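Just so it is clear, the model here is predicted, and its values are computed rather than measured. We're numbering straight along the sequence, starting at 1.
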Amino acid sequence: MEKEDLLKFSPIRYFEKATEANLKSGEMGLITAKKGLGKTSVLVQFGIDTLLNEKGLVHVSFDQESSNVIAWYSSILAEIAKKRNVNLDEISSTIYRNRTILNFNQETFTLPKVVNTLKALKASGINLSQVVVDGLNLANTSKEDLDCFAEFIKSEEMTSWFSYTNEAETLKETLEAPKLEAFATVSHLAAKGKEVTLSILKNGDGKVVLDAKTLLFTK
């Protein structure tokens with residue numbers, strides 16, 4: 001029951017209720033913010049929610065070592081569990097068994113190559129439901145490469161969340177319009193005073209607050 005309790009009170013439930021911008025099968029979402037504000041934390045929360053649903057997750061990082069990504073998951077899951085007084089000692093291994101972490105260099109690895117890697121994982125019997133892509137410079141990513149990835153996500157009926165370092169608070173300034181078409185929803189993370197919020201720029205106009213200390217979505 002502990003895993004079910006974590007899922008029921010997952011921070012993503014707050015996101016879904018506040019924004020109604022959760023992804024449908026075959027769709028991709030984009031999280032933008034200035035460097036260091038918490039984009040990885042947001043992606044990890046989506047990833048953990050997928051794992052709590054006992055679905056396969058691939059976390060693709062272009063700017064962090066695998067050990068750092070693992071630390072993010074451990075930290076965020078611990079904060080979620082703390083809020084529900086859940087002991088992770090017996091269930092953490094079962095939560096992470098469906099997670100695969102991939103670390104790439106953007107200078108030598110493109111999104112079509114990521115697609116090939118994901119296809120190889122599926123061919124080896126790994127069940128994939130969601131892919132999060134962190135740290136990719138979308139300004140240097142061609143529309144063709146982005147479309148290739150989006151077509152794969154759609155064809156496999158998966159979902160995918162991307163992060164992108166950009167301080168713009170309007171949709172028009174986020175990314176070139178042709179590239180934005182690949183994303184069903186776009187949101188921006190910003191800090192005003194002591195409050196950190198994620199505002200929806202595409203597919204809704206809601207927003208959700210993040211706990212300034214833990215960076216978890218909250219009421």
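Side chain of D134 to backbone of T40: no donor-acceptor contact under 3.5 angstrom is found. Looking at S129, its side chain never comes within 3.5 Å of a backbone N or O of G56 through a donor-acceptor pair. Of the possible polar contacts, one joining the S160 side chain to the V131 backbone as a donor-acceptor pair under 3.5 Å is found. Put simply, the side chain of S155 gets close to the backbone of F152: a donor and an acceptor are under 3.5 Å apart. Side-chain atoms of K179 never come within 3.5 Å of backbone atoms of L146 as a donor-acceptor pair (strictly under, hydrogens ignored). Not a single donor-acceptor pair under 3.5 Å links the side chain of T159 to the backbone N or O of L23. Formation of a donor-acceptor pair under 3.5 Å by the Q45 side chain with backbone atoms of F217 is found in this model. In this structure, Q130 contributes its side chain and D49 its backbone to no donor-acceptor pair below 3.5 Å.
Linking Ile, Leu, Val, Met, Phe, Trp and Tyr whenever their side-chain heavy atoms come within less than 4.5 Å puts I31 and V132 in one cluster. When the side chains of ILVMFWY residues are joined at heavy-atom separations under 4.5 Å, either directly or via intervening members, V42 and I101 end up in a single hydrophobic cluster. In this structure, L128 is not a member of the same hydrophobic cluster as L43, with clusters built from ILVMFWY side-chain heavy atoms closer than 4.5 Å. Hydrophobic cluster membership is shared by L57 and L216, with clusters built from Ile, Leu, Val, Met, Phe, Trp and Tyr side chains linked at under 4.5 angstrom. L111 and V60 fall within the same hydrophobic cluster, where Ile, Leu, Val, Met, Phe, Trp and Tyr residues are linked whenever their side-chain heavy atoms come under 4.5 Å apart, directly or through other members.
Atoms CG and NZ, from L52 and K8 in turn, are 14.5 Å apart once rounded to the nearest 0.5 Å. Once rounded to the nearest 0.5 Å, the distance linking CG of N85 with CD of E2 reads 10.0 Å. Rounding to the nearest 0.5 Å gives a distance of 10.0 Å between CG of L7 and OG1 of T50. Rounding to the nearest 0.5 Å gives a distance of 11.5 Å between CD1 of I153 and CD of E27. L102 contributes atom CG, which lies 9.0 Å from atom CZ of F62 (distance to the nearest 0.5 angstrom). With values rounded to the nearest 0.5 angstrom, F149 atom CZ is found 11.0 Å from T141 atom OG1.
Taking every heavy atom of both residues into account, T214 and D211 meet most closely at N-OD1, 3.0 Å. In this structure, Y164 and T174 approach most closely via the heavy-atom pair CE2-O, 3.3 Å. Scanning both residues, L215 and A212, for their nearest heavy atoms gives CD2-O, 4.3 Å. Closest approach of P11 and I80 over heavy atoms only: CD-CD1, 3.7 Å. Of all heavy-atom pairs spanning K202 and F183, the tightest one is NZ-O, 2.6 Å. Of all heavy-atom pairs spanning T19 and G206, the tightest one is CG2-C, 4.2 Å.
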Inset, instruction - Kindly determine whether V86 and I91 satisfy side-chain contact (heavy atoms from CB on, under 4.5 Å), including the steps that lead there. - result: CA-CA 10 Å; V86 171; I91 64 172; 4.0 Å; yes
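Between F109 and F104, the angle of the ring planes stays under 30°, which puts this pair in the parallel group of the 30/60° scheme.
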For residues 188-201, which side-chain donor-acceptor pairs fall under 3.5 Å, sequence neighbours excluded?
from : atom 1 : to   : atom 2 : distance (Å)
H188 : ND1    : T32  : O      : 3.4
H188 : ND1    : T32  : OG1    : 2.8
H188 : ND1    : A168 : O      : 3.2

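Note on K122 versus E156: salt bridge recorded, some NZ/NE/NH1/NH2 to OD/OE distance being below 4.0 Å. Between E151 and K154 there is no salt bridge, since no side-chain N of the basic residue sits under 4.0 Å from a carboxylate O of the acidic one.
Applying the side-chain hydrogen bond (donor to acceptor under 3.5 Å, both in side chains) definition to pairs two or more places apart or across chains, those involving residues 93-115 are K3-T94.
Proximity of H59 to W72: side-chain heavy atoms (C-beta onward) are nowhere separated by under 4.5 Å. With contacts defined as side-chain heavy-atom distances shorter than 4.5 Å, the pair L88/L6 qualifies.
Heavy-atom contacts from other residues, nucleotides or ligands closer than 6.0 Å to NZ of K207 number 12 or fewer.
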